[in-house]
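Have a look at the structure below, then the notes.
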Amino acid sequence: MLHRYLPMTEDDKQQMLKAIGVESIDELFSDIPESVRFKGEYRIKQAKSEPELMKELAALAAQNADLKSYTSFLGAGVYDHYIPVVVDHVISRSEFYTAYTPYQPEISQGELQAIFEFQTMICELTGMDVANSSMYDGGTALAEAALLSAAHTKKKKVLLSKAVHPEYRDVVNTYAKGPGLEVVEIPLQNGVTDLETLKKEMNDDVACVIVQYPNFFGQIEPLKEMEPIAHSGKGMLVVASNPLALGGLTPPGAFGADIVVGDAQPFGIPAQFGGPHCGYFAVKSALMRKIPGRLVGQTTDEEGRRGFVLTLQAREQHIRRDKATSNICSNQALNALAASVAMTALGKQGVKEMALMNIQKAHYAKNAFVERGFTVPFTGPFFNEFVIKVNKPVREVNQRLLEKGIIGGYDLGRDYPELENHMLVAVTELRTKEEIDMLVKELGDCHA
Amino acid sequence: MHKDQPLIFELSKPGRIGYSLPELDVPAVDVAEVIPSDYIRMEAAELPEVSELDIMRHYTALSKRNHGVDSGFYPLGSCTMKYNPKINENVARLAGFAHLHPLQPEETVQGALELMYDLQEHLKEITGMDAVTLQPAAGAHGEWTGLMMIRAYHEANGDFNRTKVIVPDTAHGTNPASATVAGFETVTVKSTEEGLVDLEDLKRVVGPDTAALMLTNPNTLGLFEENILEMAEIVHSAGGKLYYDGANLNAVLSKARPGDMGFDVVHLNLHKTFTGPHGGGGPGSGPVGVKADFIPFLPKPTVEKGENGYYFDYDRPQAIGRVKPFYGNFGINVRAYTYIRSMGPDGLKAVTEYAVLNANYMMRRLAEYYDLPYDRHCKHEFVLSGKRQKKLGVRTLDIAKRLLDFGYHPPTIYFPLIVEECMMIEPTETESKETLDAFIDAMIQIAKEAAETPEIVQEAPHTTVVKRLDETTAARKPILRYQK
Ligand SMILES: Cc1ncc(COP(=O)(O)O)c(C=O)c1O
């Protein structure tokens, strides 16, 4: 058959069969026993030409309400941020996106150096010593942090704040079943982790305390008070952080966190219906040889020239097999590159400016809601998200907003029964004053 | 003489910017009033300060120091480095796919759900399984997800003693590693001289503690495990389950389906067989397909089709839980779907036929010059041994490095572990005969060099931007970040 991805001609085929010494391609499959041979044709859709398929899929995409056509106040772990246009230009270079893991460093210096730069930027933002080359996403990175702390401390108990993203908690709970970890959830108090319960649950059996900073509700957890509690046993402090927030907030490393993880989606990665995003994983240097995933290190070649290689591979599955620190192999390299380009474009000034602008706009919005008579239940400091109470089911309210071209906030009742009719509102630098005012007005009208 | 590319940090100059943020259009609040001082960052993160042109030049320079499929032949065995169609990239960037929030109301994402559902349907048919989840992010993630489901299945039957997972000695490293993360112990089963699982050894290791056998078919030597039904029988009659590592599915599209070979759970690597692109190491996508018995244990949510459209089903009490936030690497799944729809049933069949034709052609032509440890038809890839060259003082690593001088990415080397001085070559179906012939010529020349002028090979590469790098020092005194 003729297909633009398949270059063999009939003549090629005949020559090759001859060189192999067989009559037909079928002969090459003679080792597949008749009893398991698939006969006939897959019952799947017939092929479409490029223009026809493009048209069909564009129409399918157009059925969705996208964040560029609607005004979104939905966050909850995935955000609509400024993506510098250079990002897509860089990651569209096929030398990057059609390569695989840089196993052959001499012809992979571009990827290796870009990842080395990514590792550096993550260390800078988190205040940690070592960062790896990426994980699947923030949730699995957090689960691997729990596994790492359990393996390192040889303890089996994990204290997990209920103010951590519900889906991240679900993932931690799934992973915990493998090695049989006990996960104890620490309840909320005014939208942050309840320190009294944390203290009570804390003992020498605890492998780690897991908190999110800023947490799922946008609240800034008091890491300064949490660190001594977390370290009062022999366990670790694991912090999940939105890296953009760390452009404006004191990094977890400065408070003594042992492991900091999160998702770099706010840097240059579109929402993409939840993935692919880009988990990051950063540790204190003491954990350097236990970190999961690929690490790029600097070295020199035979002539003394600087170069980069995958290093400390004795941790990894292809060397250590069942003794590896993790099973991860393919990671999220291209998205780490996207995040690097975005962090580079924003740079030292821009990351800070963007983080502060998120704080400014979210606070303007919160104040506007308060003025309009909304209850804002949590009173602590927050980053770019906050909670409001509405007097109808959030689902209904969001339905009305959609009609006005607005994607409303997250319905907290889905995960927290005590927060029924509460909405988590995210306000990024992309939301204008006009859009915020409109949200407050529309919700206010709903409210009335 | 190749020039170094400075680190982006070394190109930085205080006062330069590369961004364009909107002006603050709301009344400014004093950050010190809303955030306690301990939590306000005092020292800015040391990120680069460069202009937009600096950025483009830097990354363009880096890209030129990188080899991808579009740069040249990339016969990296086990990785299926086929052409990455460009339409995939365009489709994935449509606003209605790229800019969707995962938590939007279901009625606003019906197009996305339809695509996911239809992709699942296609993968069900291709694998012969009864249900598919798209949640896992890559192959290894799929392996662990599948093993967690097998574990849940046994436990639901009150069977808590199945603590062991059997993997062949040819298995990819992720297989045993995933077994460990899922809480199992790994038992290795040997291969025969013919490169297939040793049935006698399998009978010896299988038992009431067997949770599953993980198998790649064709295996990582590129050979079809023709005793698959007997193996299935041995494992199943002991109460164990069969897990299919789908990394090599490119070899059997339309020829054999894991579901018909007795497998209970399978994962696919959409970034391999279904042109995800590989992205320099990821992101991938590792959907898992299961037989009906395992449906209750699928990670939640599942994507379902109802009377009023598509929806997520969270009400699944026996589910193993969530394995990933949201619903998987949707953007990669969009690309894989686009590819399947570009190929259709005939196209996918041709993919496998040409992948296997190409591999056998290369194998036969190279067999004269390199040791061929398994002399029979291969599937989509084959292994050679550099034993003969090693006697001349030239190692497989040297051969790999010499290939760089010819502009090729070398094959996978030193894997599978059971083959001495192993080279694992996977040409894929998207390469032309001319490309295969040129690579074969290069391999023949290297074999000659190994005999006549071994130092040329031993000292390779000669043309790359850096020469061989000191990996020992890199590991002994790790420098893992830039420091001023
Ligand atoms: C045979 C085999 N199994 C499993 C994997 C793991 O897949 P991934 O890298 O997508 O996690 C690979 C690829 O690297 C492989 O070649």
Decide, yes or no, whether a salt bridge links [X] with [Y] under the criterion of side-chain N to carboxylate O below 4.0 Å.
X	Y	answer
Arg65(B)	Glu95(A)	no
Lys467(B)	Glu106(A)	no
Arg376(B)	Asp31(A)	yes
Asp170(A)	Arg322(B)	yes

If one checks every heavy atom of Ser134(A) against chain B at 4.5 Å, the contacting part turns out to be neither
Which bit of Arg93(A) comes within less than 4.5 Å of chain B, counting heavy atoms only: side chain, backbone, both or neither?
side chain
Tell me whether the rings of Tyr327(B) and Phe273(A) are parallel (<30°), tilted (30 to 60°) or perpendicular (>60°).
tilted
Measure up the His141(B) and Tyr136(A) rings against each other and bin them: parallel (under 30°), tilted (30 to 60°), perpendicular (over 60°).
tilted
If every non-hydrogen atom of Pro345(B) is compared with every non-hydrogen atom of Lys45(A), which pair is closest and at what distance?
CD-O, 3.2 Å
For the student: nearest non-hydrogen atoms of Phe38(A) and Asp260(B), plus distance:
CD1-OD2, 4.0 Å
Any side-chain heavy atom of Gln317(A) within less than 4.5 Å of one from His172(B)?
yes
Do the side-chain N and O atoms of Glu429(B) and His3(A) include a donor-acceptor pair separated by under 3.5 angstrom?
no
Show your reasoning for whether salt bridge (charged side-chain N to carboxylate O under 4.0 Å, His left out) applies to Lys349(B) and Glu41(A).
CA-CA 8 Å; Lys349(B) 188 170 171 195; Glu41(A) 214 176 54; over 6 Å; no
Is the distance between the ring centroids of His318(A) and Phe415(B) under 6.0 Å?
no
